[in-house]
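Every heavy atom of this structure was used, including side-chain atoms; hydrogens, water molecules and symmetry mates were not.
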Amino acid sequence: MAFRCQRDSYAREFTTTVVSCRPAELQTEGSNGKKVLSGFHVVLEDTLLFPEGGGQPDDRGTINDISVLRVTRRGEQADHFTQTPLDPGSQVLVRVDWERRFDHMQQHSGQHLITAVADHLFKLKTTSWELGRFRSAIELDTPSMTAEQVAAIEQSVNEKIRDRLPVNVRELSLDDPEVEQVRGRGLPDDHAGPIRVVSIKGVDSNMCCGTHVSNLSDLQVIKILGTEKGKKNKTNLIFLAGNRVLKWMERSHGTEKALTALLKCGAEDHVEAVKKLQNSTKILQKNNLNLLRDLAGHIAHSLRNSPDWGGVVMLHRVAEVLEGKGAGKKGRFQGKATKMSRRTEVQVLLQDYISTQSAKE
C-alpha cells in the first residue's frame, strides 16, 4: 500500500480516520542524554506523514493540532507517536511540516540524480546514502575520486535540473518483467503489495519508497562539497540540494563578513592572514615558554639561597583542593594542580618526608 504522502508528496493537509490508538514509548536522545517518553501509537486509515525508510528520515506534523514526534512503518501501516490519545473512528485533520518535507524531497531526489549520473559517467555504484541534518552523503563503491570527476558530476546534474526533467512515480507488480530493469538495493523483508518506482525521464528508474519532487527544476541547484574517505575502500560524496545550498551560502557569507571585520582584510586574503596569525602565535608561545623556564630557574635559585630554606619551600601564585595530574621522571615531578586548598597538607607531608630522609642519613 502506498500512503497518501507517497501518492502526492506535495499535499500539505488532508482528513482521514483514526483506526487504532495504543499506549507506547519513544526513546529520544538530546543534549541531556537519553529520555523515554510515554505516549501512544496512532494508526490512521491513510497518512500524509512519511514513515522513515529508503534512507529518508520520517516526517513531522500534527494530527488535530497534536504534535507527531515520530512516524514508523509497520507492515502496511504507519505508527504515529503522540503524547495525547486519539479516539478510534474519529475524523482527524493531518498536517505535515512542509519545510522539513520539502527539504527531504529535494535531498532524496538529488541523491537519485547524483547516483544515476555518477554511474552513467564513471560506472561508480552507490552502496548507501545518508540524509543528514545539514548535509547528505552518498557512499560510492570506489576507494577515491578525482577533482575532475566530482566537477563533471556536479556540472551534469545541474544541466539536467536546468532541463526541467520530469520525475514520475509508478507502481509495478512483483511479476512485472520491467522490475528486472529497475535499479534498486532490494526490498525490505516485510514488503507487501506492488513495487514503487521513481523515474527521472531519460536518466534513471529506481525502486524507492520515499517522497520526491515532480520535476528536477524543484531541486533548484545541487552543490557537491567534496569527498571524504568512507569505510572499506568506499568514498563518501558530500552534497547539498535546493534550499540547503541557499542556507549554506548565507552561513558562509556571515562567516566571511565576521572574518573580514576581525582580520581587517578582504575575503581573498583571509587564508593568508590566518596563516600569519598562526605563525605569530607559535613564536609567542615558544618565547613565552623560554621566559617561564628562565623565571622558574631564577625563582628556584633564589628560594634555595633564602635564609628560610628548610629543605622544603612551597610557592604558589593562584591558590584555591589539590587535584592535579602529572608524572615523575628522572627524579623530578611535573604536573598541574587545579585546586590548592589542601596545599598545607602537602607541605607538611613533604617536610615529614625530608625529615625522615635526613634522620636515616
Engineer: Would you indicate whether the side-chain heavy atoms of Val96 and Glu13 approach each other to under 4.5 Å?
Structural biologist: no

Engineer: If hydrophobic clusters are built from ILVMFWY residues whose side chains come within less than 4.5 Å, do Leu216 and Tyr10 share one?
Structural biologist: yes

Engineer: At their closest point, which heavy atom of Asp59 faces which heavy atom of Arg101, and how far apart are they?
Structural biologist: OD2-NH2, 2.6 Å

Engineer: What about Phe81 and Leu49, same hydrophobic cluster or not, with Ile/Leu/Val/Met/Phe/Trp/Tyr joined at side-chain heavy-atom distances under 4.5 Å?
Structural biologist: no

Engineer: Would you call Glu154 and Lys223 a salt bridge, taking side-chain N to carboxylate O under 4.0 Å as the test?
Structural biologist: yes

Engineer: Would you say the side chains of Gln107 and Gln56 form a donor-acceptor pair under 3.5 Å?
Structural biologist: no

Engineer: Considering all heavy atoms of both residues, which atom of Ile222 and which atom of Ala241 are nearest to each other, and what is their separation?
Structural biologist: CG1-CB, 4.0 Å

Engineer: Report, as yes or no, whether the 6.0 Å neighbourhood of atom CZ on Arg135 holds more than 12 heavy atoms from other residues, nucleotides or ligands.
Structural biologist: no

Engineer: Got a list of side-chain donor-acceptor pairs under 3.5 Å for residues 138-151, not counting sequence neighbours?
Structural biologist:
unit_1	atom_1	unit_2	atom_2	d
Glu139	OE1	Thr127	OG1	2.5
Glu139	OE1	Ser128	OG	3.2
Thr142	OG1	Ser144	O	2.9
Thr146	OG1	Gln149	N	3.0
Gln149	OE1	Thr146	N	3.0

Engineer: Following the transitive rule for hydrophobic clusters with a side-chain heavy-atom cut-off under 4.5 Å over Ile, Leu, Val, Met, Phe, Trp and Tyr, establish whether Leu219 and Val169 coincide in one cluster.
Structural biologist: yes

Engineer: Using modelled atom types and a 3.5 Å cut-off, is there a donor and acceptor pairing between side-chain atoms of Gln27 and backbone atoms of Lys34?
Structural biologist: no

Engineer: Once rounded to the nearest 0.5 Å, what's the spacing between atom CZ of Phe40 and atom OG1 of Thr84?
Structural biologist: 7.5 Å

Engineer: Should the pair Arg100-Asp58 be classified as a salt bridge under the 4.0 Å nitrogen-to-oxygen rule?
Structural biologist: yes

Engineer: Which value, rounded to the nearest 0.5 Å, describes the distance between Asp218 atom CG and Arg164 atom CZ?
Structural biologist: 8.5 Å

Engineer: Would you indicate whether the side-chain heavy atoms of Leu277 and Leu263 approach each other to under 4.5 Å?
Structural biologist: yes

Engineer: Tell me whether Met249 is reachable from Ile238 by hopping between hydrophobic residues (I, L, V, M, F, W, Y) whose side-chain heavy atoms are closer than 4.5 Å.
Structural biologist: yes

Engineer: Will you find, in the side chains of Asn305 and His301, an N or O donor that is under 3.5 Å from an N or O acceptor?
Structural biologist: yes

Engineer: I'd like to know if the side chain of His108 pairs up with that of Thr211 as donor and acceptor (distance under 3.5 Å, no hydrogens or angles considered).
Structural biologist: no

Engineer: Specify whether Trp98 and Phe102 have parallel, tilted or perpendicular ring planes, treating 30° as the upper limit for parallel and 60° as the lower limit for perpendicular.
Structural biologist: parallel

Engineer: Between atom CD1 of Ile161 and atom OG of Ser217, what is the distance when rounded to the nearest 0.5 Å?
Structural biologist: 9.0 Å

Engineer: To check you understand the geometry: which heavy-atom pair defines the closest contact between Ala11 and Arg4, and what is its length?
Structural biologist: CB-NH2, 4.1 Å

Engineer: Can you establish whether the number of heavy atoms outside Lys234 located under 6.0 Å from its atom NZ is more than 12?
Structural biologist: yes

Engineer: Between CD of Glu268 and CD of Glu256, what distance do you get to the nearest 0.5 Å?
Structural biologist: 8.5 Å

Engineer: Answer yes or no: is there an ion pair linking Arg74 with Asp79, defined by an N-O contact shorter than 4.0 Å?
Structural biologist: yes

Engineer: Of all heavy-atom pairs between Phe50 and Pro57, which one has the smallest distance, and what is that distance?
Structural biologist: CD2-O, 3.7 Å

Engineer: With rounding to the nearest 0.5 angstrom, report the CG to CG distance, Asp269 to Leu259.
Structural biologist: 12.5 Å

Engineer: Out of Thr16, Thr15, Thr17, which one pairs with Gln91 under the side chain to side chain donor-acceptor pair (under 3.5 Å) rule?
Structural biologist: Thr17

Engineer: Asn158 versus Val221: any side-chain heavy-atom pair under 4.5 Å?
Structural biologist: yes

Engineer: So, for Cys209 and Arg196, which heavy atoms are closest and what is the spacing to 0.1 Å?
Structural biologist: C-NH1, 3.2 Å

Engineer: Applying the 4.5 Å side-chain criterion to the ILVMFWY set and letting contacts propagate, would Leu69 and Val42 be lumped into a single cluster?
Structural biologist: no

Engineer: Under the criterion side-chain contact (heavy atoms from CB on, under 4.5 Å), I'd like the reasoning laid out for Cys265 against His270: C-alpha separation, chi angles, the key distance, then a yes or no.
Structural biologist: CA-CA 7 Å; Cys265 65; His270 284 177; 3.9 Å; yes

Engineer: For atom CZ of Arg251, decide whether the heavy atoms of other residues, nucleotides or ligands shown that lie under 6.0 angstrom number more than 12.
Structural biologist: yes

Engineer: Would you name the heavy atoms of Val198 and Cys208 that are closest together and state the gap between them?
Structural biologist: CG2-CB, 4.0 Å

Engineer: Could you check whether any side-chain heavy atom of Val18 comes within less than 4.5 Å of a side-chain heavy atom of Val43, counting everything from C-beta outward?
Structural biologist: no

Engineer: Hey, could you give me the OG1/NZ distance between Thr28 and Lys35, rounded to the nearest 0.5 Å?
Structural biologist: 6.5 Å

Engineer: Under a 3.5 Å cutoff, is there a donor and acceptor pairing between the side chains of Ser9 and His212?
Structural biologist: no

Engineer: Taking side chain to side chain donor-acceptor pair (under 3.5 Å) as the criterion, tell me which of Asp204, Thr126, Asn206 meets it with Thr115.
Structural biologist: Thr126

